[in-house]
Number of protein chains: 2
Amino acid sequence: MKVTIYDVAKAANVSIATVSKVINNTGNISDKTRQKVKRIMKELDYYPNMLASALMGKQTKTIGLLIPDLVNPFFSELARRIEDRGHELGYNIVICNTDYDSAKENKYLLLLKQKRVDGFILASGFEDLKKVEELIKEEIPVVIVARDFPMFSVNAVAIDDFMGGYVAANHLIELGHQNMGVVARDLWSNRERLRGFHYALESHGLQINKNFDFIKDINDHIKAGRHMTEKYLTGDNRPTAIFACNDLLAAGVIQMAKEWGLQIPEDLSVIGFDNTSIATVIDPPLTTVAQPIESMGREVMDLMVSIINGEKEEKSRVTLLPSLVTRKSTQALNVACKTN
Amino acid sequence: MKVTIYDVAKAANVSIATVSKVINNTGNISDKTRQKVKRIMKELDYYPNMLASALMGKQTKTIGLLIPDLVNPFFSELARRIEDRGHELGYNIVICNTDYDSAKENKYLLLLKQKRVDGFILASGFEDLKKVEELIKEEIPVVIVARDFPMFSVNAVAIDDFMGGYVAANHLIELGHQNMGVVARDLWSNRERLRGFHYALESHGLQINKNFDFIKDINDHIKAGRHMTEKYLTGDNRPTAIFACNDLLAAGVIQMAKEWGLQIPEDLSVIGFDNTSIATVIDPPLTTVAQPIESMGREVMDLMVSIINGEKEEKSRVTLLPSLVTRKSTQALNVACKTN
DNA sequence: TTGAAAGCGTTACCAC
DNA sequence: GTGGTAACGCTTTCAA
């Protein structure tokens, strides 16, 4: 059988209260007994049952992470950074792939509440915010990450998506592009990026390509990027540059453009978003708007822990700034292109 | 405060024993009380505290997954499939990035044992097997996945790595290649793949390129692939084909070869391993030896659950078979190449 | 068909 | 300094 605090107490000839105190470094106990108890614990290969201590009101040292899809490199990298920081701080991460499906979100939420996780980090869609409000009402720590946030008070860390779109647009404008397509999903963050993109264009008297439409295909970003690109290329008034709202979409754009015999960036400039590892894997290496994924992971975990420890009175929002990473997939508008 | 089974019992005018029975569908209770209790649970928004029931000997419905690195697409895809199947079966997954670091492995193992996870799935390196033996001795369910296994009795699911290497070699041999390089790490699975590769070559009287060496750089597979490729390209007796032991390494190989002005596959055939999502993202699309990641995830989780439920008397091993996925990065040896 | 009570492995308060 | 003991929220026998 498992060895418990009783076994240790008996073997050390002390009470369980004493053992508990040496485990937690609380109370006053003589150095002699402390040493003895520690020795016995080693000998018996005893390790405390955290379920029991959590039942007594201690933390479970476990955080639930709800994320749309680990296969998406942005999220797997984010998950990795969150887990890294969690590990440093003594927390384990339970990972949940939601697929933007609110039924799954709810199932996970309930299950993890039953397991008494110390808090939730939500990277998921959560277009429906009732559940988030519920958590807050139940006083369960929540932090939202990597999506922009609702109008009510909630802890969050995210980048300025509006600015990200703005940066992307300015880069293309500086390169002389005037006819730009966008590939985006109908999600909050993508809408914000689009808004920023629009904003930059408008201040230069430009508009995005008429053939723009939000993509519907949720399952496969690459396919979606390909599909939307085809639409741009078959349509009249072909864009000379495309802004894809994430790197995966951009990969699809590039694939399809190549299949059409276009050269990137000579015939079409492509800019992505996220700066995931695939940006350097595809050919040409992708110019993209970088999210500081590592900092985001760190910040969100730090924020979570400070909330758990009651160090935050007020809700707080951390906004990180995106930055342009220039690689080879964008270039100045080639005038010859206009004949297309 | 949290609502407990006592609150429900009081509100329903029954004992907590009765409430417990309706929660677990055990014992005999009249339909009338069952309905009443259920109604009250809803009204009070009651959900059972799983810590308490786990303390009483029930499962925690949580599995620890130790994996080297979520950023590696092979592992993130595997983790996703495991989590998917776990979710279907009512289990949550705690994810742990070990970076092949046995100190981290040990920390995670201990921590999760304290949290009384129902079992461990080990995708990590675990070249040191003492810890695995310890788990088995403690009768904690363990399944090893995606690495070949030690000489002692342990549950495992993996592909036949030897055969994978063999398949890769045969493909290249059929294409007429005679001078082949390999890019591999000094890990069990890679060694097996290499052994299979060798075996196929030898039965055709061939040997791998003399410049072969295991790569040491652990952090960055792409960089490692690039580096090893450079070695092959600068050395005399240049290979006409390269077998990279995973897709990421293959991506590095292709990058470097292109930088040297080589055309893939005209000047150099490249074959990868894993068939992760990046195989279709890079250019040209990568010919690779596919691991059936989805099946692996499913099998490993199913095996884990059957062990937890005591349905397995003996240890079992599931060996899945790799298969060749032909894309554009390999082609028949171009005779003109030999002048290189 | 229902309920009382013992126990799961801790922590924390209060005596001694 | 140390120990007894009442929680924590649940499951499970055993009586009623």
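It should be emphasised that the depicted structure is a prediction, and the values quoted were computed from it without experimental measurement. First the proteins, then the strands, lettered A, B, ... as listed; each starts at 1.
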Across the strands shown, which category fits A/Lys21 at heavy-atom distances under 4.0 angstrom: base, sugar-phosphate, nothing? base
Has the side chain of A/Lys32 got a donor or acceptor atom sitting under 3.5 Å from an opposite partner on the base of D/dG1? no
With respect to the phosphate group of D/dT2, does any side-chain polar atom (N or O) of A/Thr18 fall under 4.0 Å of OP1 or OP2? no
How would you label the contact of B/Ser20 with the nucleic acid (heavy atoms, under 4.0 Å): base, sugar-phosphate, or nothing? base
Here the distance between atom P of D/dG9 and atom CG of B/Leu44, to the nearest Å, is 14 Å
Start at the 5' end of DNA chain C and walk down; is the nucleotide closest to A/Val19 or to B/Gly27 reached first? B/Gly27
Whole angstrom is fine here: how far is it from CD in B/Gln59 over to C1' in D/dT11? 15 Å
Under 4.0 Å, counting only non-hydrogen atoms across every strand here, what does A/Leu51 touch: a base, just sugar-phosphate, or nothing? nothing
Just by distance, with hydrogens left out, do B/Thr60 and B/Lys115 show a side-chain donor and acceptor under 3.5 Å apart? no
First encountered from the 5' end of DNA chain C, between B/Ile16 and B/Arg116: B/Ile16
Less than 6.0 angstrom from the centroid, inside 45 degrees of the normal: does A/Arg85 satisfy that with respect to the ring of A/Tyr91? no
B/Lys58 side chain near D/dT11 phosphate (N/O to OP1/OP2, under 4.0 Å): yes
Integer-rounded Å distance: C/dC8 P and B/Met56 CE: 8 Å
From the options C/dT2, D/dC10, C/dT10, select the nucleotide whose nearest atom is closest to the side chain of A/Pro48. C/dT10
Any B/Thr4 side-chain nitrogen or oxygen under 4.0 Å from OP1 or OP2 of D/dC8: no
Would you kindly check if the NZ (Lys) or CZ (Arg) of B/Arg80 is within the cone defined by 45 degrees around the ring axis of A/Phe75 and under 6.0 Å from the six-membered ring centre? no
Closest to the B/Leu55 side chain, choosing from C/dA12, C/dG3, C/dG9: C/dG9
Could you check whether A/Ile29 gets within reach of a base, just the sugar-phosphate, or nothing at all, counting any heavy atom under 4.0 Å? sugar-phosphate
Treating A/Asn49 as the side-chain partner and A/Leu51 as the backbone partner, does any N or O pair qualify as donor plus acceptor under 3.5 Å? yes
Among C/dA5, C/dT1, D/dG4, the one nearest any side-chain atom of B/Ser30 is C/dT1
Please give, in whole Å, the distance from D/dT12 P to B/Asn25 CG? 13 Å
salt_bridge(B/Asp118, B/Lys61) N-O dist < 4.0 Å: no
Of the candidates C/dG9, C/dT2, C/dT10, the side chain of A/Ser53 sits closest to C/dT10
Would B/Glu77 and B/Arg81 pass as an ion pair if we require N to O under 4.0 Å? no
Which nucleotide wins on minimum distance to the side chain of B/Ile5, given the candidates D/dG1, C/dT10, D/dC10? D/dC10
Using only side-chain N and O atoms of A/Asn24, determine if any of them is under 4.0 Å from OP1 or OP2 of C/dT11. yes
Specify the separation, in whole Å, of atom CE of B/Met50 and atom C1' of D/dC8. 17 Å
Think B/Asn49 has a side-chain N or O under 4.0 angstrom from the OP1 or OP2 of D/dC8? no
Value in whole Å for how far the C1' atom of C/dT11 lies from CD1 of A/Ile23: 10 Å
Please confirm whether the shortest side-chain N or O distance from B/Tyr47 to OP1 or OP2 of D/dC10 is below 4.0 Å. no
Partner of B/Tyr108 under side-chain contact (heavy atoms from CB on, under 4.5 Å), picked from B/Ile95, B/Leu65, B/Leu66, is B/Leu66
Do the side-chain N or O atoms of B/Ser15 get closer than 4.0 angstrom to the phosphate oxygens (OP1, OP2) of C/dG3? yes
Side-chain N or O of A/Tyr6 less than 4.0 angstrom from OP1 or OP2 on D/dG3? no
Take atom NZ of B/Lys10 and atom C1' of D/dG9, then tell me their distance rounded to the nearest Å. 14 Å
Categorize A/Thr33 for me: base, sugar-phosphate, or nothing, with a 4.0 angstrom heavy-atom threshold over every strand shown. sugar-phosphate
